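So the structure is just underneath, and the comments pick up after that.
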2 protein chains.
Amino acid sequence: MTKDLDTEGRILVAAKRVFVRKGYTGARMQEIADEAGINKGLLHYYFRSKDNLFSSIFEEAFRELAPRTIEIFESDAPLFTKLEQFVDRYIDFLTEHPYLPAFVIQEINQHPEALFEKIEKSGFRPNPMKLVMQIQMEIQKGNIRPINPIHLVLNLISMCVFPFVARPMMQHMLQVGDEDYTEFMKSRKDVILEFVKNAIMVNREP
Amino acid sequence: MTKDLDTEGRILVAAKRVFVRKGYTGARMQEIADEAGINKGLLHYYFRSKDNLFSSIFEEAFRELAPRTIEIFESDAPLFTKLEQFVDRYIDFLTEHPYLPAFVIQEINQHPEALFEKIEKSGFRPNPMKLVMQIQMEIQKGNIRPINPIHLVLNLISMCVFPFVARPMMQHMLQVGDEDYTEFMKSRKDVILEFVKNAIMVNREP
DNA sequence: GTCTATAGGTAGATAGAC
DNA sequence: GTCTATCTACCTATAGAC
């Protein structure tokens, strides 16, 4: 567990762990200092305030999460390829960072205005128009069933992300441990993809 | 806004508002007292501690939310009727209590063990077997496509609940206000239902 | 840069008057 | 039952030695 990082790096790693675990209000500077193996004073030397430190962490978490959410918007691939790639990559990413979505959602729910300001300034401006038009195109060509593109994308993201947000609840109900749930989510990739395909694909038989 | 409730009732209403808004760690006893129009001392007179007060609130919130999640498990209706009723009622309920899911999920993520203990004691024991077997039956009869019943139910719940959990994010991206988003969720009922039907229904043409 | 010590503020909880 | 005043503990942040 020994990190060969400089002090600032160790603080960031520790802070991320604590903030993600406890949220902003629940996190204690003392706990972050302990986890980083330094003392409280030094936290304020590197990051002037708790708020400052949190901003760094949140923006990092958001920046890891968001691009993967919206990369689906920008790609040039055909629709079905896009869906397939998205489900595969997104669930892989969330499996490696299972607590990120709940953290980001929790903080956004509690300080929406403040955080959206930060997000804006960090240059985050997703443009779903390309994907929306691509979906509408496929509908017009008769390749997929008519559906509001926003709902389609929301359905896809919901099915990928929600099981991670509700993970403790799910594991408790299914009575499974971490490894089993990871396996469950892996197998879920194909399930989601087939589910979506069946939902939108048009019958070729007349 | 004047409540003709006794003091205990006013405290509960105020506490629910504050806890749901700020979460356990973020909520302040002072703020709850202010919101109830009483003073701090009285809070401890009625509920011995913050933890005690929180338990009452959380159990109430969970009890409101959970039965509607699992009523789908118990009903005797045919599968498609069940799906239809669930989507309709659940989204109606969440529209009236839009912040409940995020609150429950957030607190469960932060104190899983403690809260599951409370939940167990409150007699919450969902039995999904009935629904699982009903789905397997429909698959065997060839009425719906083969799918792991757990995934099917999870898909349904994800599409209903996630848009509320991620509501601030969604409203920010779609640039819509509360009323528009409520309208969006209303129209979503039919979208989800048709989406699921298409996903699982078997082609009658050979 | 890193530490210890402490200031300054606020939280939850209690005591006691009315 | 309801209030005010206060206790104790803890948190963020700062000051200052090394």
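What you are looking at is a predicted structure, and each value in this text was computed from that prediction instead of being measured. In what follows, every chain begins at residue 1, and chains take the letters A, B, ... in the order their sequences are listed. Values below: every heavy atom of this structure, side chains too, minus hydrogens, waters and symmetry copies.
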- request: Please list, chain by chain and in numerical order, all residues satisfying side chain to side chain contact (heavy atoms under 4.5 Å, CB included) with A:Ala114, sequence neighbours excluded.
  value: A:His111
task: Tell me, please, which residues at least two apart from A:Arg188 pass side-chain hydrogen bond (donor to acceptor under 3.5 Å, both in side chains).
output: B:His151, B:Asn155
- prompt: Would you say the side-chain atoms of A:Lys118 and A:Ser55 include a donor-acceptor pair closer than 3.5 Å?
  reply: yes
message: Ignoring hydrogens and geometry beyond distance, is a side-chain donor-acceptor pair present between B:Asp180 and B:Gln171 at under 3.5 Å?
response: no
message: Treating A:Lys130 as the side-chain partner and A:Glu74 as the backbone partner, does any N or O pair qualify as donor plus acceptor under 3.5 Å?
response: yes
- prompt: Among C:dT4, D:dG1, C:dT2, which is the nearest nucleotide to the side chain of B:Leu42?
  reply: D:dG1
message: Looking at B:Phe19, I'd like to know if the NZ or CZ of B:Lys50 sits under 6.0 Å from its six-membered ring centre while staying within 45 degrees of the ring's axis.
response: no
message: Rounded to whole Å, please give me the gap between CD in A:Glu31 and C1' in D:dT12.
response: 15 Å
- prompt: C:dA11 P sits how many Å from B:Phe54 CZ, rounded?
  reply: 18 Å
field: Gap between atoms CG and C1', on A:Asp6 and C:dT2 respectively (whole Å)
entry: 14 Å
- prompt: Quick check, are the ring centers of A:Phe86 and A:Tyr90 under 6.0 angstrom apart?
  reply: yes
- prompt: A:Phe47 CZ to C:dG1 C1': how many Å, rounded?
  reply: 14 Å
query: At under 4.0 Å, does any side-chain N or O of A:Thr7 touch on OP1 or OP2 of C:dG1?
result: no
message: How many whole angstroms separate atom CG of A:Asp34 from atom P of D:dC11?
response: 11 Å
query: For B:Gln30 and C:dG9, what is the distance between atoms CD and C1' respectively, to the nearest whole Å?
result: 14 Å
Is there any protein nitrogen or oxygen under 3.5 Å from a nitrogen or oxygen in nucleotides 13-17 of chain D, and what are the pairs?
{"from": "D:dA13", "atom 1": "OP2", "to": "A:His44", "atom 2": "NE2", "distance (Å)": "3.0"}
{"from": "D:dA13", "atom 1": "OP2", "to": "A:Lys50", "atom 2": "N", "distance (Å)": "2.7"}

- prompt: Contact class for A:Ala33 vs. all strands (heavy atom < 4.0 Å): base, sugar-phosphate, or nothing?
  reply: nothing
- request: Grab the CG-C1' distance between B:Leu53 and C:dA11 for me, whole Å please.
  value: 15 Å
query: Counting any heavy atom closer than 4.0 Å, what does A:Ile38 reach on the DNA or RNA strands: base, sugar-phosphate only, or nothing?
result: sugar-phosphate
message: If I take atom CG in residue A:Asn39 and atom P in nucleotide D:dC18, what distance separates them, rounded to the nearest angstrom?
response: 16 Å
